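Here the structure is a predicted model, which is why all the values come from computation and not from measurement.
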Amino acid sequence: MDSVGWVTTAHADPQLHAVRYAFDAAFRRFREASDDDSWMAELSNMLHHLYRLRELCKTRLAGFEQQIEPQTPALKPERGATWARNCDTHRLFRLPSTQLAPVYAETYGAVYGELLWRPRIELPLAPDNHGRYLDYESELDGKVIPDTLRRGFDAMAALL
């Protein structure tokens with residue numbers, strides 16, 4: 001306890017903790033959201049904190065962008081999300097429709113049905129020189145947003 005009587009917790013890695021805490025809070029709010037504005041705001045927040053984690057990895061891990069990231073299959077969702085982050089968030093998601101195969105998430109949100117990443121072909125972004133658009137196509141396109149972002153964030157955090 002400190003001098004005021006509060007219990008304080010020292011974190012082994014305060015920078016990673018700060019990014020993880022912020023991502024987790026945005027993730028929770030995304031799952032609790034029930035309207036487009038809230039989904040867009042929290043998707044933007046999650047993508048921002050994923051970017052913060054990416055910057056932390058670039059600082060700490062020599063060769064992250066040149067060797068580690070492109071050669072680590074578990075980071076493909078992160079790479080695809082990094083590419084999509086340049087798009088306006090309202091263009092990134094859609095609700096499933098009867099024309100699509102049923103999609104089930106690992107966690108449930110406040111609204112029945114899952115928000116899915118739009119097909120890459122529907123996004124106004126150009127392919128990039130790093131092949132991240134290909135990771136978007138293979139790992140995110142048509143898949144559940146919170147599940148894929150969670151996996152990408154956790155895989156990158158595990159590197160630290």
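- A33 approaches S38 most closely through the heavy-atom pair CB-CB, 3.5 Å.
- Residues A22 and R52 share a closest heavy-atom pair of CB-NH1, 3.7 Å.
- Look at D13 and R60 and you find a salt bridge, because one of the NZ, NE, NH1 or NH2 atoms lies within 4.0 Å of a carboxylate O, short of that distance.
- The minimum heavy-atom distance linking I145 with T148 is given by the pair O-OG1, 3.0 Å.
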Check your understanding: Checking side-chain contact (heavy atoms from CB on, under 4.5 Å) for the pair T82/D135: CA distance, chi angles, key distance, verdict?
Key -> CA-CA 10 Å; T82 297; D135 292 326; over 6 Å; no
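- Between the side chain of K76 and the main chain of R132, no donor-acceptor pair closer than 3.5 Å is present.
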Exercise for review: Begin from the C-alpha positions of V144 and L115 and carry the test side-chain contact (heavy atoms from CB on, under 4.5 Å) through to its verdict.
Suggested key: CA-CA 6 Å; V144 177; L115 292 177; over 6 Å; no
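- Atom CG in D128 sits 8.5 Å away from atom CG in N86 (nearest 0.5 Å).
- Pairs of residues two or more places apart, or lying in two chains, that qualify as ring-ring contact (aromatic ring centres under 6.0 Å, His included) and include a residue from residues 47-83 are W83-Y136.
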Exercise for review: Please test L140 against L116 for side-chain contact (heavy atoms from CB on, under 4.5 Å), starting from the C-alpha separation and ending with a verdict.
Suggested key: CA-CA 8 Å; L140 303 181; L116 308 175; over 6 Å; no
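- In this structure a side-chain-to-backbone donor-acceptor pair under 3.5 Å is present from T72 to I68.
- Pairing each heavy atom of R79 with each of P70, the nearest pair is NH1-CA, 4.0 Å.
- Note on D154 versus R150: salt bridge recorded, some NZ/NE/NH1/NH2 to OD/OE distance being below 4.0 Å.
- Considering only heavy atoms from C-beta on, R118 stays 4.5 Å or farther from C87 through its side chain.
- Under the 4.5 Å side-chain criterion, counting only non-hydrogen atoms from C-beta, L125 is not in contact with Y133.
- The CG atom of L159 sits 10.5 Å away from the CG atom of L56 when rounded to the nearest 0.5 Å.
- Taking the side chain as every heavy atom from C-beta outward, L50 and M156 approach each other to under 4.5 Å.
- Considering only residues two or more places apart in sequence or on other chains, R29 meets the salt bridge (Lys or Arg N to Asp or Glu O under 4.0 Å) condition with E42.
- Note on L160: it clusters hydrophobically with L75, by side-chain heavy-atom contacts below 4.5 Å among ILVMFWY residues.
- In this structure, F27 and F23 have parallel ring planes: the angle between them is below the 30° cut-off, well short of the 60° mark.
- Looking at T59, its side chain does come within 3.5 Å of a backbone N or O of E55 through a donor-acceptor pair.
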Review point. Would R20 and D24 satisfy side-chain contact (heavy atoms from CB on, under 4.5 Å), going step by step from the backbone distance to the final call?
Key: CA-CA 6 Å; R20 184 185 302 279; D24 290 347; 3.5 Å; yes
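- The main-chain N or O of R120 is found under 3.5 Å from a side-chain atom of D141 such that the two form a donor-acceptor pair.
- Annotation: side chain of W117 is in contact with side chain of L149 (closest heavy-atom distance under 4.5 Å).
- In this structure, the salt bridge (Lys or Arg N to Asp or Glu O under 4.0 Å) partners of E78, at least two apart in sequence or on a different chain, are R54.
- Atoms SG and CD, from C57 and E69 in turn, are 9.0 Å apart once rounded to the nearest 0.5 Å.
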